[in-house]
Amino acid sequence: MKNIVVLISGNGSNLQAIIDACEQKKINGTLRAVFSNKADAFGLERAREATIPAHALTADQFASRDAFDRELMLEIDAYAPDLVVLAGYMRILSPAFVSHYAGRLLNIHPSLLPKYPGLHTHRQVLENGDEEHGTTVHFVTDELDGGPVILQAKVPVFDGDTEEEITARVQAQEHAIYPLVVSWFVEGRLKMENNAAWLDGVCLPPQGYAADE
Ligand code: GRF
């Protein structure tokens, strides 16, 4: 069984989707631990509820980002992770952290990357009058929200949508695609090589995997 560690900062609904998929054996791996950079993150409760070790490391305990990430790496590595999953982890990673977990570090970003890297994606979609929106699972590299795309899910934007409505629509897709990508990885089907994502030995295009129509 492959070991999975998840990093969160907040609600942890994506974490919950991964916990559920592990329990339902849709992911053939073990969720060893959850780490948060916010002590009051609700996701830590979700982890405890599922009897998964839940840890908080907060910025005020450390003198620098490097020191924070060094300790985080030590604590994560105690669980011998095959895969580290960022699920709403709202903290910039140091280059040392990214290179330490290169090829086994995933993120989910709430936009159709390369559109809207960074924050407030849902608001920007509404302000720009976009007709479609979505979410992206990608490998993490040093480029913020810029690593190789693995899978995207699109949602429509309807006239009069509020930010809350499109957030919920996007998140419903996230809860489907993130566990799926994690399952691909733990089954050894998914890799990062030459700064590209590969699934079943096939190099994925810039927008990630697309099923045949
Ligand atoms: C998700 O929408 C994800 O795309 C973004 O942060 C949000 C986290 O939500 N990175 P949750 O904590 O998993 O509910």
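Counting convention: from 1, in listed order, for ligands and their atoms alike.
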Anything under 3.5 Å between a donor and an acceptor, one on a side chain of residues 83-97, the other on a protein residue two or more places apart or in another chain? List them.
unit_1 : atom_1 : unit_2 : atom_2 : d
S94    : OG     : D69    : OD2    : 2.7
S94    : OG     : F97    : N      : 3.3

Quick one: ligand 1 N/O to protein N/O pairs below 3.5 Å?
unit_1   : atom_1 : unit_2 : atom_2 : d
ligand 1 : 2 (O)  : Q171   : NE2    : 3.0
ligand 1 : 2 (O)  : E174   : OE1    : 2.8
ligand 1 : 2 (O)  : E174   : OE2    : 3.3
ligand 1 : 4 (O)  : E174   : OE1    : 3.4
ligand 1 : 4 (O)  : E174   : OE2    : 2.5
ligand 1 : 9 (O)  : Q171   : NE2    : 3.2
ligand 1 : 10 (N) : I108   : O      : 3.0
ligand 1 : 12 (O) : G12    : N      : 2.8
ligand 1 : 13 (O) : S13    : N      : 3.2
ligand 1 : 13 (O) : N14    : N      : 2.9
ligand 1 : 13 (O) : N14    : ND2    : 2.9
ligand 1 : 14 (O) : S13    : N      : 2.8
ligand 1 : 14 (O) : S13    : OG     : 2.5

If you link I, L, V, M, F, W and Y whenever their side-chain heavy atoms are under 4.5 Å apart, who else ends up in the same group as I166?
Y116, V125, L126, V157
Tell me every residue that passes ring pair (Phe, Tyr, Trp, His ring centres under 6.0 Å) with F185, counting only those two or more places apart in sequence or in another chain.
none
Would a 4.5 Å heavy-atom cut-off, applied to side chains only, mark R169 and F158 as touching?
yes
Would you call the rings of F35 and H55 parallel, tilted or perpendicular, where under 30° means parallel and over 60° means perpendicular?
parallel
Restricting to non-hydrogen atoms, name the atom on G118 and the atom on D145 that form the minimum distance, rounded to 0.1 Å.
N-OD2, 2.8 Å
